[in-house]
Amino acid sequence: MYTLSANQYGKGEIHLVRIYRDSPRHEIRDLTVTTALRGDFADAYLTGDQSKVLPTDTQKNTAFAFAKTHGEGAVEDYAIALARHFVESDPFATEADVDVLVDAWDRVVVDGAPHDFTWVRRGPERRTVGVVASGSGAEARVEVTGGVVDLVILKSTGSEFHGFHKDAYTTLGETDDRILATSLDVKWVFGAVPADWDAAFDAARTAMVSTFATWHSLALQQTLWQMGQAVLDAVPSISTVTLKAPNKHHFLYDFTRFTVEPPIPNENEVFHADDRPYGMIEATVSR
Ligand SMILES: O=c1[nH]c(=O)c2[nH]c(=O)[nH]c2[nH]1
């Protein structure tokens, strides 16, 4: 005998674009929305009875409809409205997830003037918004997370790595001046609702980026600890932040193997940017 221990279902990566065209200067919002419902859905798996299953196609339709009807506030307001709608209107859903990836677009500048309705996609960095809604009435609960994925950042000095533990397999040289580069995947949990979702995101992102730049690093581990604290300092409504950071290694290219005369110096100027393998450094910092 086996047990269906857990199940959820929803629509993955609903890519929707909302244009705000109430004035000649349009605005754009580019969202990739993933929904998931949990609740009384075991029969759909165990017996094939779909009578309690709101199709994922309907979830997709609702995501598009809410982009119009609940799209005026921050992305968080949209995601909260959509998640609450699922738990409040679907008698079989007890919990709903709405996860959103936000693609940013930069307004094009033509002859020094910002253009009204043309943008160039920024990237690969994307802001993330996650909502888990459950219960209803007095029991209604909403948990909101924010974050960023694929925030690629590099500093060309101000990073050291030495004094590490060595064994018979250790070949890595010690360094007091190296490139430090990563692609950050960061998620933070809101313990309270901030006054302004967008301002909270901007403050958290600025805290991370400026700390990465200014903290003289003795290891990516130490930098992540500093960045996590900076996020908590910058945004009082964030209770916990989890940072995942691949160490994108840049190896000094060894010109000493060449026989050219005169020898070519390489004083931390030419590197082999290795895309894999990478170190994977992770930390969660909490209040
Ligand atoms: O900042 C670093 N942390 C490590 O744990 C590590 N390991 C390694 O090989 N290089 C680095 N760099």
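Because the structure is predicted, anything quoted here is derived from the model rather than measured. All ligand and atom numbering here is 1-based and tracks the order in the structure.
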inquiry  = For the backbone of Ala181 and the side chain of His250, can you confirm whether one donor and one acceptor N or O come within less than 3.5 Å of each other?
reply    =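 Judged by distance alone, no pair lies under 3.5 Å.
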
request  = Determine yes or no for a side-chain-to-main-chain donor-acceptor pair under 3.5 angstrom, with Glu13 supplying the side chain and Thr32 the backbone.
outcome  =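 No, because the side chain of Glu13 does not come within donor-acceptor range (under 3.5 Å) of the backbone of Thr32.
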
message = I'd like to check which ligand 1 atoms, numbered from 1 as shown, lie under 4.0 Å from a non-hydrogen atom of Leu220.
response =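 Counting from 1, the qualifying ligand atoms are 1 (O), 2 (C).
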
key: Enumerated ligand 1 atoms positioned under 4.0 Å from heavy atoms of Gln221   =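 By the 4.0 Å cutoff, the relevant atoms are 1 (O), 2 (C), 3 (N), 4 (C), 5 (O).
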
query = Relative to Phe201, does Arg127 satisfy both conditions: NZ or CZ under 6.0 angstrom from the six-membered ring centre, and within 45 degrees of the ring's axis?
reply =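 Here Arg127 passes the 6.0 Å and 45° test against Phe201.
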
ask   = Which heavy atom in Val235 sits nearest to a heavy atom in Ala204, and how many Å separate them?
value =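 The pair with the smallest heavy-atom distance is CG2-N, 3.8 Å.
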
request  = Among all protein heavy atoms, pick the one closest to atom 8 (C) of ligand 1 and tell me residue, atom and distance.
outcome  =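 Minimum-distance protein heavy atom for atom 8 (C) of ligand 1 reads Phe161 CE2, 3.7 Å.
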
query = Who's the nearest protein heavy-atom neighbour of atom 9 (O) of ligand 1, and how far?
reply =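 So the nearest neighbour among protein heavy atoms is Leu172 CD2, 3.4 Å.
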
request  = Looking only at distances, please establish whether an N/O atom of ligand 1 is found under 3.5 Å from an N/O atom of Ala219.
outcome  =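 N/O-N/O distance below 3.5 Å does not exist for this pair.
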
Derivation of the salt bridge (Lys or Arg N to Asp or Glu O under 4.0 Å) call for Asp103 and Arg121 = CA-CA 8 Å; Asp103 268 294; Arg121 176 96 142 245; 3.3 Å; yes

key: 4.0 Å heavy-atom contact, Arg178 with ligand 1   =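 Yes, that is the case, since the closest heavy atom of the residue is under 4.0 Å from the ligand.
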
